[in-house]
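Only one structure is covered here, and it is reproduced in the block below.
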Amino acid sequence: MYGYLEGGIKVELSDVLGIREWRQNYQNNLENQFPKNVVVSVKLNIPGEVKNSQVLKKILLDGWMELKSQFEEQNEQLLFLRLILDRITGPEALAVLTGTIMEIKKQAINFEESFKLGRLFDVDVMSKDDKGYQLSRTQLGFEPRKCLVCNNNAKYCVKEQKHSIEEVQMAISSYIKKSEQREEIKFDLSQMAVSALLYEVVTTPKPGLVDPASSGSHQDMDVFTFIESAQALHPYFVAAQKIGNEFLGDNLSQMFNELRRVGVIAEKRMYLATNGINTHKGAIFSLGILVCATAYLQKNETFSRKELANTIIKMVRNLLEDDFQYLKQKPSEQLSAGEIQYLKYKKTGIRGEAVAGYPAVLKVGLPFLQKTTGSLNQRLVDTLMYIAANVSDSNLIKRAGTVEVVDEIKKWSKAYFKKGGSKTVAGINYLKELDQLFIQRNLSLGGSADLLILTVFLGKVEGII
Ligand SMILES: [Zn+2]
């Protein structure tokens, strides 16, 4: 027996017919009792002899809660509800709502289409007042209901008895399993973090940066180096998520200290995977913080951009003093790009970003990404060029050896968007020319690429991409 039917009891045809008659009467009574309102019946389409189980009860309940909140969003009020979960012929709900039958019917179809397990649901809408419920899905502007087995019009498959009960049960079972997997992935921040790293490296073309077509200004690495590096960092992001998930207490700098300890190991893993090349050092620091802070907030169900910024600010509040305090005593060959620039220009780079709660991501990259359209690659290329023009890229400044390059990148980005950006041939050609110029001058947008990674990660968390 399929997992979703486990623990269920076989029903007789007479049970099904008996309940059908009961439901019909119940609905008629509700229509008479609430003649100005809309009666809604919510059931599951479960073929075969077993029609109820723990799994199916939970599916109906989850679905009903979702449908109810959709009605509430439209200010439709629930006047009556009867939830029957334990009946052997299947769990069901009967409800009476305010609102027009047309609106309720549209919302019901929308629910069947959009809810994660909506295709198992059968939502009937009726009213004494109005016979509009007889309008079909197509008449209301929706596609006909699709068959779970073959994706054709379900009505046709039912009428022609195209599939055996076993076939349909197998399709339902795999539909439920896929939905469970999607839920898991949805909450797996470590997987989103690795995806963000990989999305960045395959985005093309990017001036001076590594992509599948070119190594840009980085002769010592290519797209494969980045794939190895991203894979090697997966355990780190799992650990970062766990730290955020499990941290108790208010002293968030303690949570950050825990993260930094695993960050040290992550750097070692990265260098091992890349034969000593720095591919993702910046991302280890910043993406680790984002994963950890997001997990911390999701656990408390308080995730928002504002809360994320606040949490990060609390996590890293001692960072600048801790990290920059002893810089002057540090031998110059041991200084990182960020540290040199702090000493030279008082630019605090990615540490300054972290201390301010990543405004370059939350106020620049992410709002821009949200507005972009087109293919994923087009959206990411545009977002990169927008970020590059609107933040100070410490990697670019280091390679150029002068802050004047900041004005140049603003000019280049402006010219790119003037040509129509990633959606025009002129825009893409311009980017390719820029890539050549970057290679000649040994420039790269490494800092902006790191910010793109962070933007992509949060875009995934928020479901923007
Ligand atoms: Zn079919």
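Note that the numbering runs from 1 along the sequence shown for the chain. Note that ligands are numbered from 1 as they come in the structure, with each ligand's atoms numbered from 1 the same way. Everything quoted here is computed from the prediction, not taken from an experiment.
Tested against Q241 for a side-chain contact (heavy atoms from CB on, under 4.5 Å), the candidates N245, V238, I243 yield a single pass: N245. For the side chain to side chain donor-acceptor pair (under 3.5 Å) criterion with T204, the lone passing option out of D435, D211, N377 is D211.
Within the protein, the N, O or S atoms lying under 2.8 Å from the Zn ion (ligand 1) are C147 SG, C150 SG, C157 SG, H163 NE2.
Using the six-membered ring where Trp is involved, F80 and Y26 have ring planes that are tilted, between 30° and 60° apart.
Classification of E92 and R87 as a salt-bridged pair holds, one side-chain N sitting under 4.0 Å from a carboxylate O. Salt-bridge annotation for R145 and E112: present, with a side-chain N of the basic residue lying under 4.0 Å from a carboxylate O of the acidic one.
With values rounded to the nearest 0.5 angstrom, D382 atom CG is found 3.5 Å from S422 atom OG.
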